[in-house]
Amino acid sequence: MAARLDVPRIRKDFPILARTVRDDRPLVYLDSAATSQKPTAVLDAERAFYETSNAAVHRGAHQLAEEATDAYEDARSAIAGFVGARSEDIVFTKNATEGLNLAAYAFSNGTDKSRQGHSIDPRFVVGPGDSIVVTEMEHHANLIPWQELCAKTGAELRWIGVDDDGRLRREDFGLIDATTKAVSVVHQSNILGTLNPVEEIMAQARSVGAVGIVDACQSIPHMSVDVVDLGADLVAWSGHKMLGPTGIGLLWGRTEILEAMPPFLTGGSMIETVFMESSTFAPPPQKFEAGVPMVAQAVGLGAAVRYLEDVGMASIADHEHELTGYALAQLSQLPGVRIIGPTDNVDRGSAISFVVDGLHPHDVGQVLDDRGVAVRVGHHCAWPTCRRFAVPATTRLSTYLYNDTTDIDAAVEGIVAAQEFFGVA
Amino acid sequence: MAARLDVPRIRKDFPILARTVRDDRPLVYLDSAATSQKPTAVLDAERAFYETSNAAVHRGAHQLAEEATDAYEDARSAIAGFVGARSEDIVFTKNATEGLNLAAYAFSNGTDKSRQGHSIDPRFVVGPGDSIVVTEMEHHANLIPWQELCAKTGAELRWIGVDDDGRLRREDFGLIDATTKAVSVVHQSNILGTLNPVEEIMAQARSVGAVGIVDACQSIPHMSVDVVDLGADLVAWSGHKMLGPTGIGLLWGRTEILEAMPPFLTGGSMIETVFMESSTFAPPPQKFEAGVPMVAQAVGLGAAVRYLEDVGMASIADHEHELTGYALAQLSQLPGVRIIGPTDNVDRGSAISFVVDGLHPHDVGQVLDDRGVAVRVGHHCAWPTCRRFAVPATTRLSTYLYNDTTDIDAAVEGIVAAQEFFGVA
Amino acid sequence: MSSNVESLYQEIILDHYKHPRGSGALAGASGESHQVNPTCGDEVTVGVDLDESGHVHVGYEGQGCSISQASASVMSELVEGATLADMAKAERAFVELMHSKGNAEPDEEVLGDGVAFVGVAKYPARIKCALLPWMALQDARLKAGIEIDKAEG
Amino acid sequence: MSSNVESLYQEIILDHYKHPRGSGALAGASGESHQVNPTCGDEVTVGVDLDESGHVHVGYEGQGCSISQASASVMSELVEGATLADMAKAERAFVELMHSKGNAEPDEEVLGDGVAFVGVAKYPARIKCALLPWMALQDARLKAGIEIDKAEG
Ligand SMILES: Cc1ncc(COP(=O)(O)O)c(C=O)c1O
Ligand SMILES: Cc1ncc(COP(=O)(O)O)c(C=O)c1O
């Protein structure tokens with residue numbers, strides 16, 4: 001058992017948590033699955049960068065440019081270390097969505113170029129008769145890019161279904177077959193909280209020669225993840241959900257895959273030589289980082305990773321596991337409340353979705369907001385998952401290292417108050 | 001004549017300009033064409049956002065989410081106002097490179113989808129026999145995306161040449177003809193400093209029914225630009241070159257074009273309805289802003305735009321015009337120094353490239369750096385332009401509102417010192 | 001409950017939510033529109049028709065939060081059987097009310113129970129909910145070729 | 001000029017830059033490699049060959065800054081006519097020197113005039129310049145099937 005978190009001390013590092021909302025209610029922030037709050041260490045690191053070393057990276061020969069490049073690359077190393085990767089295999093993106101699109105565009109670009117006679121790794125050439133496999137619990141960011149790929153190439157989109165408990169239907173794993181070119185699966189669902197057996201799915205992808213992709217947006221911020229161990233070819237996640245600034249995300253790739261993939265965004269800094277007629281490209285990760293990058297944001301994210309490491313990912317995971325158990329127990333006791341997603345505290349993260357009989361999630365969220373409790377309501381960018389459970393939307397609580405049981409209590413009291421107010425108690 | 005700038009007062013707003021480099025030399029920053037420095041007002045705005053209102057935008061129903069959404073959309077309005085546009089026509093990107101790629105991908109995505117039988121605006125369908133026109137002075141960001149489009153579709157890439165004075169060859173404007181689907185041109189060259197007659201070129205694009213695109217990275221930060229008046233369909237530029245944070249850029253589009261274009265990055269926040277099989281998309285600008293956006297960076301850029309407006313763009317343009325005249329005069333007097341680009345101070349911006357007989361630009365830059373003068377050396381992401389002038393690279397000075405003639409003097413002294421040191425004086 | 005949330009959920013709104021007036025599809029509608037709020041998935045379908053005597057008829061079906069459902073009910077009450085001119089007035093007044101940031105003094109003559117929505121205008125995320133049925137009405141009547149401007153001339 | 005820049009541009013480096021040793025393409029090279037520094041456009045082509053007696057021969061052509069050109073000249077001086085083992089030693093020592101951040105005490109026995117590059121290692125942007133010809137050599141000898149590891153065994 002890792003060391004227990006000192007939540008009151010941690011909260012002091014997050015200035016926003018001291019503010020009040022609505023009629024002077026203390027803020028209870030239970031929306032970290034959407035985006036996390038930022039500790040002072042992250043804000044200080046960004047500011048210090050701008051005030052001392054700001055310059056374009058990888059381009060200038062002056063001292064500021066050297067310092068900026070070092071700061072940027074040091075951040076890359078820190079992040080690589082955090083997920084057990086080599087620096088060279090970490091690509092900075094603007095968010096996780098860009099990383100997942102980068103993956104999907106490798107196939108459409110590869111297909112287009114191959115059609116025009118360019119030599120392309122056949123793994124990235126798709127067409128009618130080929131299939132792409134996702135799940136029914138994907139965030140839109142890991143669904144629509146693949147729908148678009150299929151719309152552009154004639155490949156077929158397949159998905160692994162979700163059972164009533166919010167778990168993937170293992171009997172659907174067989175959808176991954178010889179026709180499959182890509183398998184892209186969420187590690188931990190942002191709506192159901194389910195932690196999926198991605199190692200198993202990635203092994204199956206490998207066995208049929210498909211490229212395996214994991215959306216780790218909701219896992220990497222909350223538990224210790226070794227990206228290499230997942231057995232995937234590519235792993236995408238966001239910086240802003242792990243205490244980092246907005247405007248930065250990450251894509252990890254196996255060296256060999258990053259080398260084989262065609263580039264995505266093209267322009268400055270990703271080239272080797274350029275003629276008017278044609279160009280050649282730098283090795284990864286530069287190949288995928290066109291233009292002036294998110295330098296200050298990378299520096300901020302580097303500080304975030306150091307902060308998380310200081311607190312300890314094992315401690316954070318234990319803390320959130322306990323909180324999740326507490327929240328599940330409290331919510332189960334409320335009459336009229338139904339959890340959408342796993343109700344047992346096994347292989348699940350801290351995002352808990354629920355519906356209240358007779359109440360629309362928007363109205364639940366509104367009453368909570370009025371009491372200072374910030375939760376998210378809606379389809380959580382996983383609309384098909386809502387349809388699967390025949391609910392138009394859900395209310396979702398999600399925690400992080402700065403939450404404790406008093407936050408859960410505040411939410412539970414708010415739900416009861418909403419039931420009373422709307423007369424459905 | 002607009003009010004003169006009070007440069008010493010302005011410099012106080014930029015903390016980094018007070019630092020020293022190398023052996024305690026005061027920093028002389030002449031690399032703003034790569035990226036600009038940031039005033040305290042911008043850093044404060046970003047920090048205040050994180051400390052009080054940070055939340056995911058356009059999604060939550062709680063107070064922080066409302067505040068964050070307001071801050072994000074207020075920034076969009078401020079930026080729109082700055083360039084004479086409607087808010088709805090401004091898309092946030094991570095940098096200018098993303099905006100230019102977004103434009104180029106509209107054509108490859110459109111072509112792919114149309115091939116699969118989807119209904120696509122014919123302006124975005126290209127193939128063999130069609131042409132794309134750029135110039136020989138493009139930044140790689142406005143060249144390689146179009147090379148890639150041609151490689152994917154079989155269209156032909158054409159370019160307007162550059163004459164010995166660093167001006168576009170007007171006789172090449174005729175390359176824009178009935179086969180042309182897109183014309184993408186830099187407003188002001190980042191390597192030569194040339195200000196191009198984009199209105200004329202865009203009019204020609206319009207006359208043949210081609211989509212007209214302008215790369216305004218080097219113009220919008222330095223002069224008052226009304227994007228609508230350029231007569232283009234799309235205009236891309238960066239935030240980090242106009243006092244804003246890293247990690248943010250802009251794309252303006254005519255309403256009708258943004259509506260007609262297929263989406264680029266897909267995922268959360270850019271949708272209307274989503275089913276497993278297929279999705280429909282939100283109207284612009286949301287259609288082009290998938291995922292959690294660069295919220296704090298947008299807020300910072302909003303503050304940058306307000307800062308620039310307070311100083312006054314006309315005053316900034318006048319100031320830089322004067323400085324450019326001074327620098328051109330000083331450099332012309334140096335024996336062995338040859339300016340690459342227009343030597344007359346007409347229709348040109350403040351970026352000045354030059355080569356020194358017998359000295360490699362890297363060595364010039366090194367000696368300048370040693371004296372605290374930060375300039376850029378290399379091909380400035382415009383390698384074909386270097387080839388056009390038969391130079392492997394150049395040294396480039398570029399100014400902004402915080403520079404004055406003493407900065408130019410420091411650079412000139414450095415060049416002379418380099419000539420002496422290497423014995424080529 | 002704070003006064004804020006009570007001003008949002010006025011009794012009239014809750015009453016319309018629990019006892020929706022005039023709900024159900026309109027048989028033989030000459031224009032129909034389905035609108036969704038992409039943020040939360042609220043949906044409403046509005047059908048509209050103009051009879052020979054120049055009166056408007058509406059029907060609606062949908063699912064969503066109290067605000068969007070109550071708004072549909074109020075809309076139906078205001079528009080069903082109204083003249084074109086009265087519908088136009090109500091539509092304009094409601095849209096204006098929603099953009100008032102909560103500082104308007106709505107006219108009960110024109111908006112009837114719609115005046116109760118004044119508190120909604122303080123909550124940006126809920127304005128969309130309240131406007132959803134009205135957007136559907138607007139779209140449906142355009143499809144039916146019913147133009148307001150002519151009606152008022 | 002500050003002592004920094006003087007330690008970067010030591011006399012020996014400037015001398016090699018102005019009077020390059022052994023420049024020119026190698027006729028009949030069994031491996032050749034063209035390398036560019038994408039940041040600044042410096043270019044160098046190195047050709048390599050191994051004669052029957054086990055000695056290495058190199059030629060080079062290129063354009064670029066003083067550091068990359070002087071480095072090519074020094075490389076040629078060290079490698080031309082050397083045994084495989086000596087070339088391997090020089091290559092390793094030079095690469096190591098460049099990663100030393102300027103704190104190494106290079107061995108003149110192995111590196112000859114190459115020791116003058118110690119100051120370059122303090123300037124990240126120039127390390128690439130100094131390594132460019134060595135990268136080309138490495139690539140060229142791999143293409144020629146000349147492997148260092150065997151040489152040393
Ligand atoms: C599971 C999952 N995937 C993808 C995303 C998209 O991440 P981003 O907004 O950083 O692009 C999110 C969060 O919004 C998420 O929770
Ligand atoms: C003319 C021009 N175009 C495009 C770019 C690329 O901009 P960004 O780095 O913001 O993508 C730059 C600057 O690097 C530029 O100067």
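Order of the sequence lines fixes the chain letters, A, B, ..., with proteins taken first and strands second; residue numbering starts at 1 for each chain.
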From [atom1] ([X]) to [atom2] ([Y]), nearest 0.5 Å:
| X | Y | atom1 | atom2 | value |
| --- | --- | --- | --- | --- |
| B/R25 | B/D370 | CZ | CG | 6.5 Å |
| A/F14 | A/L43 | CZ | CG | 9.5 Å |
| B/M276 | A/R388 | CE | CZ | 12.0 Å |

For [X], which atoms come within 4.5 Å of any heavy atom of chain B: side chain, backbone, both, or neither?
| X | answer |
| --- | --- |
| A/E46 | side chain |
| A/L265 | both |
| A/D44 | both |
| A/N95 | side chain |
| A/T273 | both |
| A/P293 | backbone |
| A/V42 | neither |
| A/T135 | backbone |
| A/E67 | side chain |
| A/L27 | side chain |
| A/R387 | side chain |
| A/S32 | neither |

A/D31 bridged to A/R396 by N-O distance under 4.0 Å: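 Yes.
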Residues A/R47 and A/E51 bridged, charged N to O under 4.0 Å: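 Looking at A/R47 and A/E51, the cut-off is met.
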Looking at every heavy atom in both [X] and [Y], which two are closest together, and how far apart are they?
| X | Y | answer |
| --- | --- | --- |
| B/S269 | A/C381 | N-SG, 4.4 Å |
| B/P263 | B/M270 | CB-CE, 3.6 Å |
| B/V21 | B/G372 | CG2-CA, 3.5 Å |
| B/R376 | B/A34 | NH1-CB, 4.2 Å |

Pairing donors with acceptors under 3.5 angstrom, does anything connect the side chains of [X] and [Y]?
| X | Y | result |
| --- | --- | --- |
| A/Q63 | B/D369 | no |
| A/Y72 | A/E289 | yes |
| B/T385 | B/E136 | no |
| B/H240 | B/T35 | yes |

Option in [options] with maximal non-hydrogen atom pairs under 4.5 Å from chain B:
| options | answer |
| --- | --- |
| A/Y105, A/F92, A/Y29, A/W146 | A/Y105 |
| A/A382, A/S36, A/P145 | A/P145 |
| A/H139, A/M294, A/R115, A/K152 | A/K152 |
| A/G378, A/G117, A/S279, A/A296 | A/S279 |
| A/S108, A/A298, A/P262, A/G267 | A/G267 |
| A/L17, A/V373, A/L157, A/T153 | A/T153 |

Of the backbone (N, CA, C, O) and the side chain (C-beta and beyond), which part of [X] lies under 4.5 Å from a heavy atom of chain A, both, or neither?
| X | result |
| --- | --- |
| B/R22 | both |
| B/S238 | neither |
| B/L64 | side chain |
| B/N142 | neither |
| B/T20 | neither |

When only pairs under 4.5 Å are counted, which of [options] shares the most heavy-atom pairs with chain A?
| options | value |
| --- | --- |
| B/G154, B/S114, B/G365, B/P128 | B/G154 |
| B/T52, B/L100, B/L102, B/V134 | B/T52 |
| B/H118, B/E277, B/Q297, B/K38 | B/Q297 |
| B/V274, B/T97, B/I144 | B/V274 |

From CA spacing to verdict: side-chain hydrogen bond (donor to acceptor under 3.5 Å, both in side chains), A/T93, A/E98: CA-CA 6 Å; A/T93 59; A/E98 183 191 336; 4.8 Å; no
Non-hydrogen side-chain atoms of B/H360 and B/V364 separated by less than 4.5 Å: no
Residue that, paired with A/D112, satisfies side chain to side chain contact (heavy atoms under 4.5 Å, CB included) out of B/N109, B/T111, B/D112: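 It is B/D112; the other options fail the test.
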